[in-house]
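Structure, as structure tokens:
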Amino acid sequence: ETGVTQTPRHLVMGMTNKKSLKCEQHLGHNAMYWYKQSAKKPLELMFVYSLEERVENNSVPSRFSPECPNSSHLFLHLHTLQPEDSALYLCASSHALGASLGEKLFFGSGTQLSVL
Amino acid sequence: TQLLEQSPQFLSIQEGENLTVYCNSSSVFSSLQWYRQEPGEGPVLLVTVVTGGEVKKLKRLTFQFGDARKDSSLHITAAQPGDTGLYLCAGGNTGTASKLTFGTGTRLQVTL
């Protein structure tokens, strides 16, 4: 148990559906992240929030829309996805920004998304 | 664009064997992290190294950061089935506080 909970664990959706992924952290952290993990590709950073403010958006298509209503919750809203968006979506949190400076990232178990 | 290449991609060994996983780049990193990801779970941080030439030990795992801070290695002594998982290295740099560059991963299977 890492203190970061993601729901649902598995999601199958059609290309015209709208769905949302949820992440909740119980660690009192101030930074939260969305990563995408595809087969045979390195983890890709999608979005970063610090104190509920988006600080990084890594050229992610607009069909992915993040929301951070407070420092404990992070959502990823999905709309008109493509089959190539099928992947494991991981949420992470850290005490503060600075993952690249050694700040420890705590990951959730991920949502395995399949787009049909 | 910074890239981290890990080798080997796959490794299947028997319990008790030793192994080394490599993480290489042509870029310099100010820090290097190693994670292990078990099936159905997210990555879990094992160690962070920040000084060129640094060696850290975590029980049977030994991590080394290259002198030039462009590469790193993970050595496991007497592997156990519990070591099975995907090993990921991740490099970070000052100036990009939030962004880690993850490696391509090494999938390790340890059998009895």
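Order of the sequence lines fixes the chain letters, A, B, ..., with proteins taken first and strands second; residue numbering starts at 1 for each chain. The model shown is predicted, which means the values in this text are computed figures rather than measured ones.
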Point-to-point distance, once rounded to the nearest 0.5 Å, from [atom1] of [X] to [atom2] of [Y]:
| X | Y | atom1 | atom2 | answer |
| --- | --- | --- | --- | --- |
| A/Leu11 | A/Asn17 | CG | CG | 8.5 Å |
| A/Glu44 | A/Ser38 | CD | OG | 5.5 Å |
| B/Asp71 | B/Leu32 | CG | CG | 8.5 Å |

TODO: Check whether B/Gln6 gets within reach of chain A through its side chain, its backbone, both or neither, counting any heavy atom under 4.5 Å.
DONE: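 Answer is neither: B/Gln6 stays 4.5 Å or more from chain A.
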
Open item on the list: Please classify the contact between B/Leu88 and chain A as side chain, backbone, both or neither, with a heavy-atom cut-off of under 4.5 Å.
Closed with: side chain

Task: A/Thr111 side chain to A/Arg9 backbone, donor-acceptor under 3.5 Å - done: no

- [ ] Go through the atoms of A/Leu90 and report whether side chain, backbone, both or neither lie under 4.5 Å from a heavy atom of chain B.
- [x]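 For A/Leu90, the contact with chain B is made by the side chain alone.
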
Task: Contact origin within A/Gln37 toward chain B - heavy atom pairs under 4.5 Å - done: side chain

- [ ] Could you tell me which of B/Gly105, B/Gly40, B/Pro43, B/Gly42 has the largest number of non-hydrogen atom pairs under 4.5 Å with chain A?
- [x]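 When all of B/Gly105, B/Gly40, B/Pro43, B/Gly42 are compared, B/Pro43 has the most.
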
TODO: Output the option from B/Glu38, B/Gln9, B/Gln37 having the highest count of non-hydrogen pairs under 4.5 Å with chain A.
DONE: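 Answer, by heavy-atom pair count under 4.5 Å with chain A: B/Gln37.
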
TODO: Flag the pair B/Phe29 / B/Phe65 as yes when their ring centroid distance falls below 6.0 Å, and as no otherwise.
DONE: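 For B/Phe29 and B/Phe65, the ring centres are not under 6.0 Å apart.
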
